[in-house]
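Given the structure is predicted, the values throughout are model-derived calculations rather than measurements. Atoms within each ligand, like the ligands themselves, are counted from 1 in listed order. Each residue takes its place number in the sequence, starting with 1.
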Amino acid sequence: MGTLMNETRSITILGSTGSIGCNTLDLIEANPDQWRVVALTANRNVAKLAEQARRVGAEHAVIADPDHYTALKEALAGSGIKVSAGPQALVDAAQEPADWVMAGIVGAAGLAPTLAAVKRGAMVGLANKECLVCAGDLVMKAVKECGATILPVDSEHNAIFQVFDFVRSEGVSKIILTASGGPFRTRPRHSLATVTPEEAVKHPNWAMGAKISIDSATMMNKGLELIEAYHLFPLPEDKIEILVHPQSVIHSMVEYVDGSVLAQLGSRICARPSLIHWHGQRGCQPL
Ligand SMILES: NC(=O)C1=CN([C@@H]2O[C@H](COP(=O)(O)OP(=O)(O)OC[C@H]3O[C@@H](n4cnc5c(N)ncnc54)[C@H](OP(=O)(O)O)[C@@H]3O)[C@@H](O)[C@H]2O)C=CC1
Ligand SMILES: CC(=O)[C@@H](O)[C@H](O)COP(=O)(O)O
């Protein structure tokens, strides 16, 4: 990234204290001169948010839960970092000019700020799949109308994005989302009644936040990803397949009408903010 990205870019990370957020910060801190951090946000984790904001010199730190405003203000006293709190403050942060917005909040709470970033035509790295699950038509309509760019961060969708021929999409016969099968893939059905939350959250291949890890354990994640793929790619739902691939080496595949299959393989270093790396190297194609 360092040699190919010369200009400074600005970034806002929604959900900076989570798994996706921390991975994104790791990437930008590898090349700190090339990034200006506009805003970082969290829900309640004041200590981590304040530490991150000081470390990267963020301009603005936002805590979603207003009960934690005073604690954040105190933690950032003397830093010059603007502090705000509450759901509207998340939206305001997403509206501030920044070249890139990483949508890394978990759950439907990410919808309003992500939509705000989309509506100002931003480049949005979309990890927050629940946005598309709960309001995919609305978000994608806004993407088109406002000239925003969505770059999928979910590993499966990022993989498809890289091998999907958007120019001749009629040549695509189906997309194949890979699924690890989660931690209980080989467990007999009768033993599932006694699994513990600790076992459920221990994904075999990825280190991720609790909610997505549990969704992987129940396979619910693949249902959410199917809906996400339906909104991101120009294909009907019956052309989206799911294939269990326990190693998670192939991140997903696109099959073409001539029978060829293009697969994207990658490391299992958690999360796809490596997309930022990819973006810096190869540019991007609007959806
Ligand atoms: N982790 C991964 O590798 C991958 C994640 N994703 C998707 O990315 C998203 C984030 O996942 P992940 O990073 O694992 O999740 P985490 O639980 O690790 O992090 C969630 C982030 O969202 C913040 N947050 C939680 N609730 C709220 C709320 N109500 N309002 C505002 N902010 C909130 C958290 O703040 P706080 O720390 O204060 O609680 C934290 O910063 C999810 O949609 C997930 O499905 C997709 C592919 C891979
Ligand atoms: C890392 C990532 O993007 C996740 O979506 C992961 O792929 C989930 O794995 P499952 O296939 O177990 O749901």
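In H251, neither the side chain nor the backbone holds a heavy atom less than 4.0 Å from any atom of ligand 2. Counting heavy atoms closer than 4.0 Å to ligand 2, residue M208 contributes side-chain atoms (C-beta onward) but none from N, CA, C or O. Under 4.0 Å from ligand 1, not a single heavy atom of K48 appears. Both the backbone and the side chain of N43 come within contact range of ligand 1, each with a heavy atom under 4.0 Å.
Looking at I105, V106, N221 and measuring to atom 32 (N) of ligand 1, the nearest heavy atom belongs to I105. Which of G107, S19, S16 comes nearest to atom 18 (O) of ligand 1 through a heavy atom is settled by distance: it is S19. When the options I13, I63, T17, V153 are ranked by their closest heavy atom to atom 37 (O) of ligand 1, first place goes to T17.
No donor-acceptor contact under 3.5 angstrom links the side chains of T178 and H251, judged on distance only. Counted by atom type alone, S252 and H157 present zero donor-acceptor pairs between their side chains at under 3.5 Å. There is no side-chain donor-acceptor pair under 3.5 Å between Q34 and T8.
The shortest N or O to N or O distance between I20 and ligand 1 is below 3.5 Å. Residue A207 places no N or O, backbone or side chain, under 3.5 Å from any N or O of ligand 1.
Of all atoms in ligand 1, numbered sequentially from 1 with element shown, those under 4.0 Å from a heavy atom of E130 are 42 (C), 43 (O), 45 (O). Residue A64 has at least one heavy-atom neighbour below 4.0 Å for each of these atoms of ligand 1: 30 (N), 31 (C). Less than 4.0 angstrom separates some heavy atom of A42 from each of these atoms of ligand 1: 35 (O), 38 (O). Every atom of ligand 2 with a heavy atom of E225 under 4.0 Å away is listed here by number and element: 5 (O). The N45 neighbourhood of ligand 1 comprises atoms 37 (O), 38 (O), with distances under 4.0 Å to a heavy atom of that residue. When each atom of ligand 1 is checked for a heavy atom of L90 under 4.0 Å away, the hits are 31 (C). Less than 4.0 angstrom separates some heavy atom of D154 from each of these atoms of ligand 1: 46 (C), 47 (C). Atoms of ligand 1 lying under 4.0 Å from any heavy atom of N128, numbered from 1 in the order shown and given with element: 43 (O). Near A179, meaning under 4.0 Å from one of its heavy atoms, ligand 2 places the atoms 11 (O). Set against the non-hydrogen atoms of S180, the atoms of ligand 2 under 4.0 Å away are 10 (P), 11 (O), 12 (O). Close approach of ligand 1 to A109 is summarised as follows: ligand atoms under 4.0 Å from at least one heavy atom of the residue are 28 (C), 29 (N), 30 (N).
Using a 4.0 Å cut-off between a side-chain N of Lys or Arg and a carboxylate O of Asp or Glu, E199 and R187 qualify as a salt bridge.
Residue G21 places no heavy atom under 4.0 Å from ligand 1. For K129, the heavy-atom gap to ligand 2 drops under 4.0 angstrom. For K129, the heavy-atom gap to ligand 1 drops under 4.0 angstrom.
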Open item on the list: Could you walk me through whether Y230 and L235 satisfy the side chain to side chain contact (heavy atoms under 4.5 Å, CB included) test, starting with their C-alpha distance in whole Å, then the side-chain angles of each, then the deciding distance to 0.1 Å, before giving a yes or no?
Closed with: CA-CA 7 Å; Y230 169 79; L235 276 187; over 6 Å; no
Task: Steps toward ring-ring contact (aromatic ring centres under 6.0 Å, His included) verdict (F166, F161) - done: CA-CA 9 Å; F166 288 93; F161 185 70; 5.7 Å; yes
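Using a 4.5 Å heavy-atom cutoff, the side chains of V153 and M102 are in contact. At a threshold of 4.5 Å between non-hydrogen side-chain atoms, the residues D154 and E228 count as touching. Using a 4.5 Å heavy-atom threshold, the side chains of V38 and V101 count as separate.
The shortest heavy-atom contact between V257 and E170 is CG1-O, 4.1 Å. Nearest heavy-atom pair, N205 versus P246, reported as atom, atom and distance to 0.1 Å: ND2-O, 2.7 Å.
Applying salt bridge (Lys or Arg N to Asp or Glu O under 4.0 Å) to E51 and the options R55, K48, R54 leaves one that passes, R55.
Rounded to the nearest 0.5 Å, atoms CD1 (I11) and CG (D99) are 9.5 Å apart.
Checking side-chain atoms of Q52 against main-chain N and O of S16 turns up a donor-acceptor pair under 3.5 Å.
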